[in-house]
2 protein chains.
Amino acid sequence: MTNRLPHSLRYSLRSDARDNRERILAVARTTFAEQGLDVAMREIARRAEVGPATLYRHFPTKAALVTEVFTEQMAACTAIVDEGLADPDPWRGFCRMIERVCELHARDRGFSAAFVSAFPHAIDFAAEREQALGKVAELARRAKAGGKLRPDFVLDDLIMVLMANSGIRTTSPAAAAAASRRFAALLIQGMRAEPAIPPLPPAVRLPLAVVT
Amino acid sequence: MTNRLPHSLRYSLRSDARDNRERILAVARTTFAEQGLDVAMREIARRAEVGPATLYRHFPTKAALVTEVFTEQMAACTAIVDEGLADPDPWRGFCRMIERVCELHARDRGFSAAFVSAFPHAIDFAAEREQALGKVAELARRAKAGGKLRPDFVLDDLIMVLMANSGIRTTSPAAAAAASRRFAALLIQGMRAEPAIPPLPPAVRLPLAVVT
DNA sequence: AGCTAAACGGACGGGGTGTTCCGATAGCGT
DNA sequence: ACGCTATCGGAACACCCCGTCCGTTTAGCT
């Protein structure tokens with residue numbers, strides 16, 4: 001009868017276990033989004049109404065839980081980049097991409113922190129991030145070719161913008177999103193190729209800080 | 001003979017105590033600057049080659065040490081604002097003010113964190129910050145009157161910029177300063193009043209997060 | 001040099017964290 | 001209905017943190 005299970009990849013997880021797993025993930029998602037990654041594992045277990053041991057059986061370490069939680073956010077991120085790339089007007093696509101990525105990061109503090117950091121000894125989003133950055137590079141190339149994006153824009157500028165965006169702390173998620181919108185608009189204005197372009201200071205490589 | 005001490009306000013601190021106090025402050029300054037405020041008091045005591053109790057005798061709490069350490073940085077901050085205000089060209093003064101404040105924050109992670117936070121139950125820089133912000137408002141008013149600064153700039157935008165600047169994390173202090181320079185230039189470009197000014201999204205109040 | 005009070009610092013308590021052990025519980029196939 | 005076993009969760013471990021107590025050291029005045 002086990003084969004009667006709807007084509008699910010979950011190899012025979014007992015019903016209570018599956019419920020707990022999903023409740024843990026839901027709780028972790030909202031909590032990380034609201035409070036960032038500095039949430040105690042105990043706290044997540046408490047909110048999910050399970051014991052700490054149960055949490056650790058499903059996710060052997062905190063980094064594992066974090067990566068599991070943010071895999072879908074990473075997908076949303078690449079989807080945003082893809083949509084920007086699909087826009088026939090590359091500059092408009094570039095702008096919308098930045099606006100939406102900034103807002104996504106503003107709405108999820110944990111994802112924002114995870115994105116600009118690197119977890120050692122854990123599957124992180126390095127591969128997906130690099131892939132997305134490659135697409136952004138293509139989008140930027142087109143926007144430059146269209147004459148709208150200043151030619152001295154580099155990819156590290158985007159990393160810088162996202163790091164900066166993650167520094168904006170507010171009380172409510174709505175305020176964070178609003179601040180992020182204004183911030184992105186200000187920066188986009190600065191990235192526009194102007195008739196008389198004052199040169200920017202040199203770009204900086206921004207290697208991701210390692211999270212202990 | 002105690003009166004022979006050069007006009008010092010230090011009421012009779014024993015020589016070893018004064019040495020320790022100064023060494024603690026020096027260590028705290030550099031450590032906070034490099035690593036931010038999340039440094040253990042023990043660690044500061046260790047680097048200053050004193051016991052934890054000595055550290056706590058000189059500064060009864062961590063917040064006290066932090067405020068003591070960053071008082072001079074706060075003075076540097078207001079000095080920068082004053083210099084900007086003294087510039088005959090208000091727009092140039094405004095730009096230089098932003099650049100220099102951003103660089104100051106980039107060079108001192110601890111000060112940056114302390115500036116955009118509020119310590120409860122501790123003398124924080126609220127008064128000085130408000131005073132400096134008042135001067136910035138005057139500078140911004142002049143820059144707007146000169147037609148160089150976009151009219152919809154608000155003071156909270158500066159807070160936002162400083163918060164964002166504090167989110168830029170790098171490996172070396174030099175890289176942080178360089179990134180900060182580029183970041184500030186990008187933002188200043190966005191703050192410039194353009195012939196055709198695309199309206200910004202609404203501004204957002206950014207109450208300072210409380211540090212526990 | 002000797003004495004006294006100021007200053008020192010190792011050890012301690014209370015609370016936090018990520019993670020693990022193991023006896024109790026409860027799903028599920030029979 | 002029963003029993004096997006996957007799963008649960010409270011208690012515990014090891015390690016951090018901030019801040020304090022108290023016996024020891026030492027500066028500085030006579």
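Chain letters run A, B, ... following the sequence lines, proteins first and then strands; every chain starts at 1. As the structure is a computational prediction, the values presented were derived from the model and not from experiment.
A straight line from CG of B:D38 to C1' of C:dT17 spans 14 Å, rounded to a whole angstrom. Between the CG atom of A:D19 and the P atom of C:dT25 there is a distance of 20 Å, given to the nearest Å. At whole-Å resolution of the value, CG in A:L55 and C1' in D:dC8 are 13 Å apart. Per the geometry, CE belonging to A:M41 stands 13 Å off C1' belonging to C:dT20, to the nearest Å. In this structure, A:R46 places its CZ atom 11 Å from P of D:dG10, rounding to the nearest Å. One can place CG of B:L13 at 18 Å from P of C:dA5, the figure rounded to the nearest angstrom. As a whole-Å value, the separation of A:R18 CZ from C:dG27 P is 13 Å. Computed from coordinates, the B:E43 CD to D:dC17 C1' distance equals 13 Å when rounded to whole Å.
Between A:T61 and the phosphate of C:dT19, there is a side-chain N or O to OP1/OP2 separation shorter than 4.0 Å. Side-chain N/O atoms of A:N20 include none lying less than 4.0 angstrom from OP1 or OP2 on D:dT7. Residue A:H58 places none of its side-chain N or O atoms closer than 4.0 Å to OP1 or OP2 of D:dT7. Residue B:T54 has a polar side-chain atom (N or O) positioned under 4.0 Å from OP1 or OP2 of C:dG9. Taking only side-chain nitrogens and oxygens, A:Y56 comes nearer than 4.0 Å to OP1 or OP2 of C:dT19.
B:A53 comes within 4.0 angstrom of a nucleotide base, judged by non-hydrogen atoms across all strands. Residue contacts for A:A17: at a heavy-atom cut-off of 4.0 Å it reaches the sugar-phosphate backbone alone, with no base atom in range.
Checking B:P60 against A:E49, the closest nucleotide of DNA chain D that is more toward the 5' end is the one next to A:E49.
Few gaps surround CZ on B:R142; more than 12 heavy atoms of other groups in view lie less than 6.0 Å from it.
Rounding to the nearest 0.5 Å gives a distance of 7.5 Å between CG of B:L158 and SG of B:C102.
Taking 3.5 Å as the limit, the base of D:dG9 and the side chain of A:R57 contain a donor-acceptor pair of atoms between them. For a distance-only test at 3.5 Å, the side chain of A:R42 qualifies as a donor-acceptor partner of the base of C:dG18. Residue-to-nucleotide contacts include a donor-acceptor pair under 3.5 Å from the side chain of B:R14 to the base of C:dA6.
Looking at every heavy atom in both residues, B:F94 comes nearest to B:M191 through CE2-SD, 3.9 Å.
Distance from the side chain of A:D16 is smallest to C:dG27 among C:dG27, D:dA27, D:dG19.
For the side chain to side chain donor-acceptor pair (under 3.5 Å) test with A:E103, the passing option among A:R107, A:H105, A:R100 is A:R107; the others fail.
Contact of the A:I159 side chain with the A:V116 side chain is not registered, since no non-hydrogen atoms from C-beta on lie closer than 4.5 Å.
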